[in-house]
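Contents: one structure, followed by commentary.
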Number of protein chains: 2
Amino acid sequence: MSLRHALLGLLSDRRASGYDLLKTFETSLANVWPANQSQIYTELTKLAGAGLIAVAAEGPRGRKEYEITDEGMAELRHWLTEVPPQRVIRSDVLLRVFFLGVLSPEQARAYLADLTDLSRAGHEQLQRLADSVDWDEGNLSVYGRIALEYGLRFNAMRREWAEWAAEQIR
Amino acid sequence: MSLRHALLGLLSDRRASGYDLLKTFETSLANVWPANQSQIYTELTKLAGAGLIAVAAEGPRGRKEYEITDEGMAELRHWLTEVPPQRVIRSDVLLRVFFLGVLSPEQARAYLADLTDLSRAGHEQLQRLADSVDWDEGNLSVYGRIALEYGLRFNAMRREWAEWAAEQIR
DNA sequence: TAGCGACATGTCAACAGTGGAATGTAGGAT
DNA sequence: ATCCTACATTCCACTGTTGACATGTCGCTA
């Protein structure tokens with residue numbers, strides 16, 4: 001149920017078409033809440049039907065620019081302040097760890113080494129992103145920076161853990 | 001597609017019925033890959049149909065004890081060594097952060113304070129679990145301990161991040 | 001002016017996950 | 001002997017996610 005809130009959140013900042021939103025999902029939101037084209041258009045239609053967003057303008061090529069309604073803003077605020085966050089995160093990365101005993105110690109260490117590399121690469125990618133963005137004083141900047149910092153810390157944590165874990169085997 | 005591998009992984013350790021597996025999912029695997037009853041039974045039927053597991057024994061009350069086949073072991077090893085782990089993790093926790101600008105600074109800080117508490121509680125719960133288990137020398141123990149350490153480090157990281165983030169606002 | 005790439009939306013089938021209903025049995029405690 | 005709890009499975013409806021297919025237009029450039 002979070003896709004709708006992601007859309008409401010983006011539309012709370014500025015009006016946009018499905019296509020605009022799709023581009024945003026492909027870039028900044030890709031690492032947090034991926035969504036594809038069909039899902040976005042379907043959900044926009046549902047949101048409009050529920051009165052949480054409305055078509056504000058129509059443009060060339062059938063472009064429909066949506067804006068958030070007061071009802072939509074209320075729903076967004078409700079989600080932000082009242083809905084308890086998901087406690088569990090499905091992680092196939094961690095799931096594999098449970099079953100590494102099936103492999104040889106060498107293979108298990110190789111898996112953890114791959115995770116180390118993956119985490120290092122993720123960290124570097126985010127660091128480059130952080131360096132390339134000019135962080136002005138806007139809200140999106142403040143919270144975008146905070147979200148990015150989470151990514152940096154997460155990757156650092158995972159890298160250190162994977163290195164530690166590899167040492168624990170045999 | 002990971003539920004099937006979770007089931008194969010568990011069955012690689014010992015034979016079990018759907019009911020046994022369900023109990024395992026409710027306890028040790030609940031924080032890594034939650035699955036409910038209907039999903040487990042459906043997937044077991046599919047796995048048996050595909051020849052990756054087989055009914056090894058039948059017991060009282062229609063109990064069917066499954067065991068992993070050679071084909072199933074091959075699939076499990078393939079998943080562990082060859083299938084690249086998911087790069088993105090959907091996180092509604094982080095998604096909210098992007099949109100905290102919609103709220104007042106006080107409300108945003110309150111959200112981060114809740115996250116701090118949540119992370120602290122999660123850490124304590126895992127710490128209690130770690131203290132209560134007797135870590136023998138088996139593989140499950142080694143890798144179970146490694147997975148648990150991930151949880152501890154993750155919660156610690158998130159708590160520190162949430163505290164840092166709250167300071168960044170205003 | 002012809003063509004191409006980006007813009008733009010809609011629909012569909014398939015699979016994964018959630019939650020609940022229905023059904024029944026075995027075995028231990030009172 | 002009865003009852004309750006835990007054991008045990010199956011099915012169903014609904015929602016969310018993925019990937020592919022289908023369709024068409026605008027505007028720039030060669």
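Chain identifiers are assigned alphabetically (A, B, ...) following the order of the sequence lines, protein sequences preceding nucleic acid strands; residue numbering begins at 1 within each chain.
Considering all non-hydrogen atoms of both residues, B/P85 and A/L118 come closest at CG-CD2, 4.5 Å.
Under 3.5 Å, the side chains of A/R63 and A/S17 contain a donor-acceptor pair of N or O atoms.
Atom C1' of nucleotide D/dA8 and atom CG of B/N36 are separated by 15 Å, given to the nearest angstrom. B/E43 has its CD atom 10 Å from the C1' atom of C/dC15, to the nearest Å. We find that CZ of B/F25 is positioned 14 Å from P of D/dT9, with the value rounded to whole Å. B/M1 places its CE atom 16 Å from the P atom of C/dA14, with the value rounded to the nearest Å. Between the CG atom of A/L44 and the C1' atom of D/dG16 there is a distance of 15 Å, rounded to whole Å. Put simply, CG on B/D92 is 11 Å from P on D/dT17, counting in whole angstrom units. One atom, CD1 of A/I89, and another, P of C/dG17, lie 16 Å apart when rounded to the nearest Å. Going from atom CD1 of A/I40 over to atom P of D/dG19 covers 13 Å, rounded to whole Å.
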Which pairs of donor and acceptor atoms, one on a side chain in residues 99-114 of chain A, lie under 3.5 Å apart (sequence neighbours left out)?
| residue | atom | partner | partner atom | Å |
| --- | --- | --- | --- | --- |
| A/S104 | OG | A/Q107 | N | 3.1 |
| A/S104 | OG | A/Q107 | OE1 | 3.4 |
| A/Q107 | OE1 | A/S104 | N | 3.2 |
| A/R109 | NH1 | A/I169 | O | 3.1 |
| A/Y111 | OH | A/V93 | O | 2.9 |

Problem set entry | Contact letters for nucleotides 6-13 of chain C, in which S counts primed atoms plus P, OP1 and OP2 and B counts the base, heavy atoms under 4.0 Å | BBBBBBB-
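The closest donor-acceptor contact from the side chain of A/R87 to the backbone of B/G122 lies at 3.5 Å or more, if one exists at all. Checking side-chain atoms of B/S91 against main-chain N and O of A/V32 turns up no donor-acceptor pair under 3.5 Å.
Shown for residues 2-16 of chain B: no residue has heavy atoms falling under 4.0 angstrom of DNA chain D.
Look at A/E163 and A/R158 and you find no salt bridge, because none of the NZ, NE, NH1 or NH2 atoms lies under 4.0 Å from a carboxylate O.
Separation of atoms CG (A/L126) and CZ (A/F154) is listed at 10.5 Å; rounding is to 0.5 Å. For the atom pair CD1 of A/I53 and CD of A/E71, the computed distance is 12.0 Å after rounding to the nearest 0.5 Å.
A/R153 forms a cation-pi arrangement with B/W164, by the criterion of a distance under 6.0 Å to the ring centre and an angle within 45° of the ring axis.
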